2 protein chains.
Amino acid sequence: MKNYSRQREAIMNVLHSTDMHPTASQVYKRVRQIIPNISLGTVYRNLSALSEAGEILTISVGEGCDHFDGNAKPHLHLHCRNCGNIADVEFDFKSVENKIADLSFAPETSVLVIHGVCKNCNK
Amino acid sequence: MKNYSRQREAIMNVLHSTDMHPTASQVYKRVRQIIPNISLGTVYRNLSALSEAGEILTISVGEGCDHFDGNAKPHLHLHCRNCGNIADVEFDFKSVENKIADLSFAPETSVLVIHGVCKNCNK
DNA sequence: CTCAAAATCAGTAATGATTACTGTTTTTAT
DNA sequence: ATAAAAACAGTAATCATTACTGATTTTGAG
């Protein structure tokens, strides 16, 4: 994927500069501080292209809209059903890959979301 | 969760009688064959309640709308980015649970989607 | 470098999934 | 038996996302 456009680069920078998992409109707000007249459609189009190219992850938590993660390496996402926060945890997907190795399914990326209640909300 | 309503029971039956992963409107179409005047809003409300109660799974594949799975036991979902099909594979989440055991996060259910290209589309 | 084709953009309109609302029916529990 | 609570059908409203337009930028061959 060619990363030549100023807009696409700014979007990548926003995603790389946070460990939150912003939604498209949150990315839009942040990118507007750099490129004030960027269009929301441009943000969606680029997030979609970047996700398809495997450079970012699209995290759907089953409620509300999609979230995006600048870290494309598969890992765990702990989603709190109370506050909605998404936390990252490293995880080796070897056991998962082994499980499907003989199914003639060509895996490209994985998204694992664990729903529950986070530390803060559990007090 | 009390399963007393005719509508909710019919929705559960639809989900239990298929290994596809129907969307809300697909569930709606099937349930209408049993209860012709059921409302789409009722389908959404019940799917949402059942999912929250942990009796079904909501599968978001990051494109299009949500899919629902009558099998609430966590397992792998192989999502083909070409044909959109979702296939189930059993998987033991023990290694995942161990990984987060000391994080004070109270897990309730997990959704693992592996994106790639399925057998049929890979020819 | 020059310039035409291709890609991307900003802005806006349209789509479509999901949710919210209203008045009615069903269920529950006293 | 009946009043309160829950769920319903039908419909309107919301809002995330996509599609479309004409303008701008990038690319690549000559």
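We name chains A, B, ... by the order of the sequence lines, and we start the count at 1 in each one. Note that these values count all heavy atoms, side chains included, but never hydrogens, waters or copies made by symmetry. All figures in this text were calculated on a predicted structure; none of them were measured in a lab.
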Are any protein N/O atoms closer than 3.5 Å to N/O atoms in nucleotides 9-14 of chain D? If there are, list each pair with its distance.
residue : atom : partner : partner atom : Å
D:dA9   : OP2  : B:Ser39 : N            : 3.1
D:dA9   : OP2  : B:Thr42 : OG1          : 2.2
D:dG10  : OP2  : B:Asn37 : O            : 3.0
D:dG10  : N7   : B:Ser39 : OG           : 3.0

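Between B:Arg6 and B:Ser48, it is B:Ser48 whose nearest contact on DNA chain C lies nearer the 5' terminus.
Using modelled atom types, one finds no donor on one side chain facing an acceptor on the other under 3.5 Å when comparing A:Asp66 with A:Thr58.
Counting non-hydrogen atoms of other residues, nucleotides and ligands closer than 6.0 Å to CD of A:Glu52 gives a total of 12 or fewer.
At C:dT28, none of the side-chain N or O atoms of B:Tyr4 fall inside 4.0 Å of OP1 or OP2 (strictly under the cut-off). Contact between the side-chain N/O atoms of B:Tyr44 and the OP1/OP2 oxygens of C:dT19 is not found at any separation under 4.0 Å. Distances shorter than 4.0 Å separate none of the side-chain N or O atoms of A:Ser5 from OP1 or OP2 on D:dT26.
If you take CG of A:Asp66 and P of D:dC15, they are 17 Å apart, rounded to a whole angstrom. The nearest whole Å value for the distance from the CZ atom in A:Arg8 to the C1' atom in D:dT26 is 12 Å.
With rounding to the nearest 0.5 angstrom, the CG atom of A:Asn46 is 12.0 Å from the OG atom of A:Ser51.
Here the closest non-hydrogen pair linking A:Cys80 and A:Cys118 is SG-N, 3.4 Å.
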Let me have the donor-acceptor pairs involving side chains of residues 15-22 of chain B, under 3.5 Å, with sequence neighbours excluded, atom names and distances please.
residue : atom : partner : partner atom : Å
B:His16 : ND1  : B:Met12 : O            : 3.4
B:His16 : NE2  : B:Gly70 : O            : 3.4
B:Ser17 : OG   : B:Asn13 : O            : 3.2
B:Ser17 : OG   : B:Val14 : O            : 3.0
B:Ser17 : OG   : B:Arg30 : NH2          : 3.4
B:Thr18 : OG1  : B:Met20 : N            : 2.9
B:His21 : ND1  : B:Ile86 : O            : 3.2
B:His21 : NE2  : B:Asp69 : OD2          : 3.2
B:His21 : NE2  : B:Asp88 : OD1          : 2.8
B:His21 : NE2  : B:Asp88 : OD2          : 3.3

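Using cut-offs of 30° and 60° for the angle between ring planes, the B:Phe93 and B:Phe91 rings count as perpendicular.
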